[in-house]
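All remarks here apply to the structure that follows.
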Amino acid sequence: MGRRSDNNASAVPWGALLAVIFLALAFYCGTDPFKHSAIAEFPDFQTYYVELPPWSQVPTERDSENLLQKSTIMFKDQVQGPESVAFDPLGRGPYTGVADGRILFWNGDSWTDFAYTSSNRSEICDPKPSILSYMKNEHICGRPLGLRFDKKTGDLYIADAYFGLMKVGPEGGLATSLSTEAEGVPFKFTNDLDLDDEGNVYFTDSSTMYHRRNFLQVVFSAESTGRVLKYNAATRETTVLVRNVYFPNGVSLSKDGSFFVFCEGPKGRLRKYWLKGEKAGTTELFAILPGFPDNVRTNDKGEFWVAIHCRRSTLASLQARYPKLRKFMLKLPISAKIQFLLHIGGWPHGVLVKYSPEGKLLQILEDSQGKVVKAASEVEEKDGKLWIGSVLMSFVAVYNLH
């Protein structure tokens, strides 16, 4: 009896100590006194529930050979954050937008300045040693993301994260603004675009709450203020086609122009928007992806290549289901960079998936260890090669399909 009493007595201080530690941690996370958390600079930050597709519907296929590790790294440290890769109607290029706000053109021997989106460029836009060092001045220097050429006119259409939908002629130079708002709501994060044969542009505004330099906060919050829009070339009017979207990103028309697909980042899926036929003006699920998508591009066969910035992880699934848990973790004294690494499964890894025009999974290519292709923002297929851009990397990766 006496021994049992001693055990009980010793258990009380431990229980009290644990309670004190828990309360101290809760107080710290509630107040973030030293402003070390990933959301310290966002006092009104909120997290939202995301209804992810059930695991049973998530593709389980993997590239066991990690074929993307056979990619060739090109232009290392010559291009900072090449999100989008495009070729002009004559097949020249690639062209790409970089972190300092310029759009560059590869002439076969070297990179040359082709266009820019800001008329207010100065020394603050000069090249810097790291991609992240550009972010504080993006709203001044511009940040071109999605690029598409009009095959008829040779004009380059640009989705600039800060300056909206823009266009520049075949000779390049300063781009002109086409649209900066819809329904009286300014764009905050213009992301990607595609255009039809009539010159109408379909594009995404990823958030009406956060700018691109705060893209991690968009990811962490899972807010759904994103929009999919249309710019009418004839009337010059911009209309909202789909609203309340979770981080809409890439958009690409089908080969026959009857629909386009767009990426929903936090939900890990592609949605289809019908442009023609009985379903015109409606949306439906196109494909559930093995991870969280960035951009999508259509190849000459009408197939869709999707760049996946990471595979879906158990932690990401838990955080999607329990937003209070996500906010608690985000208030810990852990940097946004580390939180992002936790979100993507521990380390950067590139994944590319190809879908048929009907939404059937055709192929997966990946570098699950992140040895060569650490991240993928977009993939453009041309002449049997995949040109892989990444907003986080300082190179373009090229994978030979044959």
Under 3.5 Å: donor-acceptor pair, side chain of [X], backbone of [Y]:
X    : Y    : result
E198 : N200 : no
T176 : K167 : yes
K374 : G370 : yes
K128 : I124 : yes
D88  : R92  : yes
K152 : D197 : yes
R148 : L193 : yes
N191 : N249 : no
N137 : I140 : no

With rounding to the nearest 0.5 Å, note down the distance linking [atom1] in [X] to [atom2] in [Y].
X    : Y    : atom1 : atom2 : value
L270 : E264 : CG    : CD    : 9.0 Å
N214 : S207 : CG    : OG    : 9.0 Å
K272 : S254 : NZ    : OG    : 8.0 Å
F42  : Q217 : CZ    : CD    : 3.5 Å
R227 : E183 : CZ    : CD    : 6.5 Å
L156 : E171 : CG    : CD    : 12.5 Å

Ring-plane angle category for F304 and F259, please: parallel below 30°, perpendicular beyond 60°, tilted otherwise. tilted
Side chain to side chain contact (heavy atoms under 4.5 Å, CB included) between V391 and R212, worked out:
CA-CA 11 Å; V391 73; R212 197 212 79 93; 3.5 Å; yes
Residues passing the side chain to side chain contact (heavy atoms under 4.5 Å, CB included) test with S390, sequence neighbours excluded, are A375, S377, L392, M393
Taken in chain and number order and not counting sequence neighbours, the residues that satisfy side chain to side chain contact (heavy atoms under 4.5 Å, CB included) with E237 are T235
Could you walk me through whether Y322 and Y49 satisfy the ring-ring contact (aromatic ring centres under 6.0 Å, His included) test, starting with their C-alpha distance in whole Å, then the side-chain angles of each, then the deciding distance to 0.1 Å, before giving a yes or no? CA-CA 7 Å; Y322 300 105; Y49 172 79; 8.5 Å; no
Does some side-chain heavy atom of [Y] sit less than 4.5 Å from a side-chain heavy atom of [X]?
X    : Y    : answer
L362 : E303 : yes
K255 : P357 : no
Q363 : Y355 : no
L229 : F187 : yes
F203 : T238 : yes
C310 : F292 : yes
T117 : I158 : yes
V228 : F260 : yes

### Worked check of side-chain hydrogen bond (donor to acceptor under 3.5 Å, both in side chains) between T204 and D192
CA-CA 6 Å; T204 54; D192 195 31; 5.9 Å; no
| query | Going through the checks in order, is the side-chain hydrogen bond (donor to acceptor under 3.5 Å, both in side chains) test met by S118 and N120? | reply | CA-CA 5 Å; S118 173; N120 191 28; 5.5 Å; no
Original post:
Can you check side chain to side chain contact (heavy atoms under 4.5 Å, CB included) on L352 and I308, steps first, answer last?
Top reply: CA-CA 6 Å; L352 308 179; I308 306 289; over 6 Å; no
Run the side-chain donor-acceptor check on residues 335-348: report pairs under 3.5 Å with partners two or more places apart or on a different chain.
unit_1 : atom_1 : unit_2 : atom_2 : d
S335   : OG     : I338   : N      : 3.3
Q339   : NE2    : M329   : O      : 2.6
W347   : NE1    : S368   : O      : 2.7

Looking at Q57, I'd like to know if its CD atom is crowded, meaning that more than 12 non-hydrogen atoms belonging to other residues, nucleotides or ligands lie closer than 6.0 Å. yes
Is there a donor in the side chain of [X] and an acceptor in the side chain of [Y], or the other way round, less than 3.5 Å apart?
X    : Y    : answer
N244 : S224 : no
D205 : T190 : no
Y134 : Q80  : no

Residue pairs passing the disulfide (SG to SG under 2.5 Å) test with at least one member in residues 317-402, sequence neighbours excluded, are none
So disulfide (SG to SG under 2.5 Å) across residues 96-175, not counting sequence neighbours, yields C125-C141
Trace of the side chain to side chain contact (heavy atoms under 4.5 Å, CB included) decision for V201 with L165 = CA-CA 9 Å; V201 186; L165 182 64; 3.8 Å; yes
From the list F215, F220, F189, ring-ring contact (aromatic ring centres under 6.0 Å, His included) with F247 holds only for F189
Result for ring-ring contact (aromatic ring centres under 6.0 Å, His included) between W106 and one of W387, F114, Y95, W111 points to W111
Requested in this report: Evaluate side-chain hydrogen bond (donor to acceptor under 3.5 Å, both in side chains) for T208 paired with R243, printing each intermediate quantity in order.
Outcome: CA-CA 11 Å; T208 60; R243 63 191 78 242; over 6 Å; no
| query | Does a side-chain N-to-carboxylate-O contact under 4.0 Å join E51 and K267? | reply | no
query = Between R102 and D100, is the closest basic N to carboxylate O distance under 4.0 Å?
reply = yes
Could you go through residues 67-76 and list every donor-acceptor pair under 3.5 Å that involves a side-chain atom there, pairing it with any protein atom two or more places apart or in another chain?
unit_1 : atom_1 : unit_2 : atom_2 : d
Q69    : NE2    : D367   : OD1    : 2.9
Q69    : NE2    : Q369   : OE1    : 2.9
S71    : OG     : L68    : O      : 2.7

Checklist line | Stepwise side-chain hydrogen bond (donor to acceptor under 3.5 Å, both in side chains) test for S221 and T47 | finding: CA-CA 4 Å; S221 68; T47 50; over 6 Å; no
Kindly confirm or rule out a cation-pi arrangement of K230 over Y202, judged by NZ or CZ under 6.0 Å from the six-membered ring centre and within 45° of its axis? no
What one should report as the nearest heavy-atom pair of P170 and T153 is CG-O, 3.5 Å
Taking it one step at a time, do H349 and E366 satisfy side chain to side chain contact (heavy atoms under 4.5 Å, CB included)?
CA-CA 8 Å; H349 54 281; E366 59 186 311; 5.5 Å; no
In R269, K279, R271, the residue satisfying salt bridge (charged side-chain N to carboxylate O under 4.0 Å, His left out) with E284 is K279
